[in-house]
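Inspection log for the structure reproduced underneath, given as structure tokens.
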Number of protein chains: 2
Amino acid sequence: MTRSTPLTASPQAPRRRRLRADAVAGPTLAEVAARAGVSEITVSRVMRGAGNVSKATAARVMEAVRETGYVRNRLAGSLAGHRSNQIGVLLPSLGNIVFPDVLNGIEDGLEAAGFHPVLGITHYRPEREEHLLASLLAWRPAGLIVTGTRHTAPARAMLGAAGVPVVEVMDVDTAPVDMAVGISHRAAGAAMAQHLLARGYRRFGYVGHDLTADERAAQRRDGFRAALAEAGMDAPVECLSGTPSSVGAGREALARLLEGAAPQAVFFSNDDMATGGVFHCLAAGIDLPSGLAIAGFNGLEIGQQLPRPLTTIGSRRRDIGRTAAGMILARLAGEAPAPVADVGFTLIPGATA
Amino acid sequence: MTRSTPLTASPQAPRRRRLRADAVAGPTLAEVAARAGVSEITVSRVMRGAGNVSKATAARVMEAVRETGYVRNRLAGSLAGHRSNQIGVLLPSLGNIVFPDVLNGIEDGLEAAGFHPVLGITHYRPEREEHLLASLLAWRPAGLIVTGTRHTAPARAMLGAAGVPVVEVMDVDTAPVDMAVGISHRAAGAAMAQHLLARGYRRFGYVGHDLTADERAAQRRDGFRAALAEAGMDAPVECLSGTPSSVGAGREALARLLEGAAPQAVFFSNDDMATGGVFHCLAAGIDLPSGLAIAGFNGLEIGQQLPRPLTTIGSRRRDIGRTAAGMILARLAGEAPAPVADVGFTLIPGATA
DNA sequence: AACGATGGTGACAGCGCTGTCATCCTGCGA
DNA sequence: TCGCAGGATGACAGCGCTGTCACCATCGTT
């Protein structure tokens, strides 16, 4: 460990063999063991809660730990024991609340078992995911949580060869490398199409953000279009903003869409975009849903607090995170959870469509 | 490292000395070195980019790395080299976009230098922070980023004794354990009071969420109240919701506040709450700002996309995160950055006050 | 011609811990 | 009384890597 300011300067470097040179590196098992009058391995067992230590000995050890201020070194422990409590987590973005929600669920699930997430943000770039993956793997994590099923070939190879549980989160439309948890985004898109059709709408629009990066949004759109086609509808008029999703982007994109078309109902790539759409209608004096119906995706709180609650689909992001953590932990415990967990989505009727 | 499914079963456990028993643990430096016809230390140098290796040798080594599929083991490296590339990060919540923004900045700053954040969420509970800190410290992180300046005594002791750079983020009102980056929340609250006073408002209200947990929101409120008092104003009428901040909580709290009082301008604990306030006004037919002025804090995108852009204070959260990462890295590079970095805030006039 | 400076390479000894087996003790059934 | 199961404890040998010297070959300098 690099130290910014050595607390103690070694007065004169002894020739060779400078056991605990830094003097600041803190006590080791050996010191605690000496103090407690037991062997190192016994202290190790106490620290790990590994059995076969008498109550009395354990108490003496804990006392010595307290006196010395011993801090367990998991670097050494993991190296020797071939087991870590770190889980590599790769998410595409923290730009809206969706992935933080997932991460929150992951942290929650892991923390309860004493595991830590080690985080990387890919910015929706597969090469960056590959790079981060290689870097995380050097830490020999006990498991990996990555986003989606689109990976570079080397990344896929690394995931396969890592020899640890891997969960791909968000999306269960494609066969996973190892395990997956999420929902079918195609089905979600289709479900919204069916809902809007059932409400009587017949002329549709779609407003999206940069779909080349966000493949799940693309799948929702595909599902939406396919379901409309199947019902014999015309293809929706579309406006894609090409930027990351945001309220502003949704607002502008809807405005542009309405310049050239007059759909009855517009499906947005997500709730941020849809909220922007609602704001445009508010500003333009378009009544919801009589003047225009709007639907989103995610079931964010903001959407439900709008003047009229947003018609949307709840995506249970926290559950996805927590389930992902649970699947990893189950595998580490020797269980064999079902490889694919579909947490399901909920259509929230709202009042904008 | 625990493996879910051993790829190869060891046919018969050799007596003692089972070098590379798992057979799945992947190649080591020794194997790469043998293949490249150099010593282990040379391979190590190539992998680390530590100098003094000829181009030709390095190329041979890289070739051997590729052939063997060698993955560097940082567990062993960190143990032997006393240096890690992991930074412990403790945040209170990922429930709204504020801390994800900070985390995003942190990840950004760290990733560029090849460092990884190891995350813990405290849920605004100091004991949980203490617990997580102890757990993270076992990994001998190269640095620590924690939130705010309120810690339990043991936590404070651990931070002091960790012997690594520590940055406390968000808040620069209190003297840091080591370094701090953020803004003065007192000053921000006062700045908003002055802004509202300058706009001619004289009767004030305050709407907040659970301030016992969120001490920075409490500081903004204090600064707001102090500045009003100094200007000879009556203390603001207040409504505190006691729940975590949310749009819905802001909406309800404002409604309750207006039942018993008629302030001209209301300062909200943050933009989520203020957005709720705006929605209440929208629903109740209260014109902004003539019927009521509303001000928030954070400068979230949603606030700026409301029918009337929200009067608020930009809090530069990403910058805070990036600066925190930069301060840690600077210290690790042997520099001595200023211990306190005030990134400053910006009053965004908006149109709701 | 002798010199130190520099660049390239390697031997060695751990870093601090845990897996594995061996050992010792105690109590209990035959 | 003896043997033995099972709990408690310890010795030993690494886990895979890097810090620290040591060494050798150039190479330019005086």
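Computation of the quantities below employed the complete heavy-atom set of this structure, encompassing side-chain atoms and omitting hydrogens, waters and symmetry-equivalent molecules. Chain identifiers are assigned alphabetically (A, B, ...) following the order of the sequence lines, protein sequences preceding nucleic acid strands; residue numbering begins at 1 within each chain. Predicted model, so just to flag it, every value in this text is computed and none were measured.
- One interatomic measurement links the two molecules: CG of B:Leu29 to P of D:dT18, which rounds to 6 Å at whole-angstrom precision.
- The closest side-chain heavy-atom distance from B:Thr147 to B:Thr122 is not below 4.5 Å.
- In this model, the phosphate group of D:dG19 is approached by a side-chain N or O of B:Arg83 to a distance below 4.0 Å at OP1 or OP2.
- Using a 4.0 Å cut-off between charged side-chain N and carboxylate O, B:Glu40 and B:Arg35 make no salt bridge.
- Rounded to whole Å, atom P of D:dT9 lies 17 Å from atom CE of A:Met47.
- Straight-line distance from the CH2 atom of A:Trp139 to the C1' atom of D:dC17: 12 Å, rounded to whole Å.
- With no hydrogens or angles considered, no side-chain donor-acceptor pair links A:Trp139 and B:Asn73 at under 3.5 Å.
- With respect to B:Arg66 and B:Glu63, a salt bridge is recorded, a charged nitrogen being found less than 4.0 Å from a carboxylate O.
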Identify all pairs in which a protein N or O lies below 3.5 Å from an N or O of nucleotides 6-9 of chain C, and state each distance.
unit_1	atom_1	unit_2	atom_2	d
C:dT9	OP1	B:Ser54	OG	3.4
C:dT9	OP1	B:Thr57	OG1	2.5
C:dT9	OP2	B:Ser54	N	2.9
C:dT9	OP2	B:Ser54	OG	3.4
C:dT9	OP2	B:Thr57	OG1	3.2

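- Distances shorter than 4.0 Å separate none of the side-chain N or O atoms of A:Arg72 from OP1 or OP2 on C:dC17.
- The separation between B:Leu79 atom CG and C:dT18 atom C1' is 12 Å, rounded to whole Å.
- The CD-C1' distance, from A:Glu40 to D:dA11, rounds to 11 Å in whole Å.
- Taking atom CZ on A:Arg48 and atom P on C:dG16, their separation rounds to 17 Å, with Å as the unit.
- Between A:Arg322 and A:Asp108 there is a salt bridge, since a side-chain N of the basic residue sits under 4.0 Å from a carboxylate O of the acidic one.
- A salt bridge links A:Glu107 and B:Arg128; the closest N-O separation between the charged side-chain nitrogens and carboxylate oxygens is under 4.0 Å.
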